Amino acid sequence: MELISDFENLRMEMLENSREIIRLLKQRIKLAQKIGEIKKMNGGEIHDYNREREIIKLISGDRFTQSVLNILFEFSIHYESNSQLNLPGYVYKNINGNNYMEFNGETKNLLGMLKFILNPGSVVFSENKEYKNLISGPGIHIINHKIEDPDVYVDVNGNYGGDIIINGRQMLISKNFLENRENIYRVIIR
Ligand SMILES: O=C(O)C(=O)C[C@]1(C(=O)O)C=C[C@@H](O)C=C1
């Protein structure tokens, strides 16, 4: 009995801890966006390696802290960049009256590109193990349970229903996805 209540207490503490981290992270992203606006007005680069070194030095030198800070920097860079997709090699295409960004390449490379296109922290479900392996990487949370309320479908093998369509060597990303990208975190690859 003692053990169970310890377990529940630890989980409650974990929940409080998570709440606090989320609150601070949201605050940090808002600050980063304000810094980003100023940089944009002054024509400065979003990524500032010297500032990152300075922060690491001021906070701590241990490797764990450095790796967490690197994740935080990635978060700010993502949100400071105004969610603009900054990937080379695309063209705009109109298909049946819908606008898409088109990328070309090997299917596996196109699937691999998704980790740069989706927001960090996106949750991804696919029944296909190969797709999961190709997209998995830092910031992408692969789950084994079907997502009930997906924000976006990635259709592989040319099924033209989703907002992201991969058909052989072609990947189409709809205007709808690009316009709503900031709120897209739940992804099904089918
Ligand atoms: O201080 C800045 O210039 C920021 O943009 C903020 C921040 C950060 O997350 O702390 C993000 C990106 C830069 O590479 C350096 C630092």
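In this text the structure is predicted, and so the values were computed from the model without any measurement. Counting starts at 1 for both ligands and their atoms, following the listed order.
- Here I143 sits in one hydrophobic cluster together with V123, F125, I147, Y153, I188; the rule is ILVMFWY side chains under 4.5 Å apart, joined directly or through other members.
- At a heavy-atom distance under 4.0 Å, only backbone atoms of I46 (N, CA, C or O) approach ligand 1.
- Scanning the protein heavy atoms around atom 10 (O) of ligand 1, the nearest turns out to be R28 NH2, 2.8 Å.
- Only the side chain of R51 comes within 4.0 Å of ligand 1, judged by heavy-atom distances.
- The only member of D151, V124, V154 that meets side-chain contact (heavy atoms from CB on, under 4.5 Å) when paired with L118 is V124.
- A continuous path of hydrophobic side-chain contacts links I189 to I140 [ILVMFWY only; heavy atoms under 4.5 Å].
- Comparing heavy-atom distances from atom 13 (C) of ligand 1 across N70, N50, I38, D48 singles out D48 as nearest.
- Atom numbering of ligand 1 starts at 1 in the shown order; those under 4.0 Å from a heavy atom of I55 are 10 (O).
- Residue, atom and distance of the protein heavy atom nearest to atom 6 (C) of ligand 1 are E80 OE2, 3.6 Å.
- Short contacts between ligand 1 and F73, defined as distances under 4.0 Å to a heavy atom of the residue, involve ligand atoms 8 (C), 9 (O), 10 (O).
- The ligand atoms of ligand 1 that sit less than 4.0 angstrom from a heavy atom of H47 are 14 (O).
- Proximity of a side-chain donor or acceptor of N42 to a complementary backbone N or O of G44 within less than 3.5 Å is not detected.
- Ranking the protein heavy atoms by distance from atom 15 (C) of ligand 1 puts E52 CG, 3.7 Å first.
- E52 pairs with exactly one of Q66, K57, H47 by the side chain to side chain donor-acceptor pair (under 3.5 Å) rule, that one being H47.
- Near S76, with a cut-off below 4.0 Å to any heavy atom, the atoms of ligand 1 are 8 (C), 9 (O), 11 (C).
- Under 4.0 Å is where a charged nitrogen must lie from a carboxylate oxygen, and between R51 and E54 at least one such pair does.
- Under 4.0 Å is where a charged nitrogen must lie from a carboxylate oxygen, and between E37 and K34 no such pair does.
- If you number the atoms of ligand 1 from 1 as listed, the ones under 4.0 Å from a heavy atom of K39 come out as 2 (C), 3 (O), 4 (C), 5 (O).
- Each of the atoms 12 (C) of ligand 1 lies under 4.0 Å from some heavy atom of I77.
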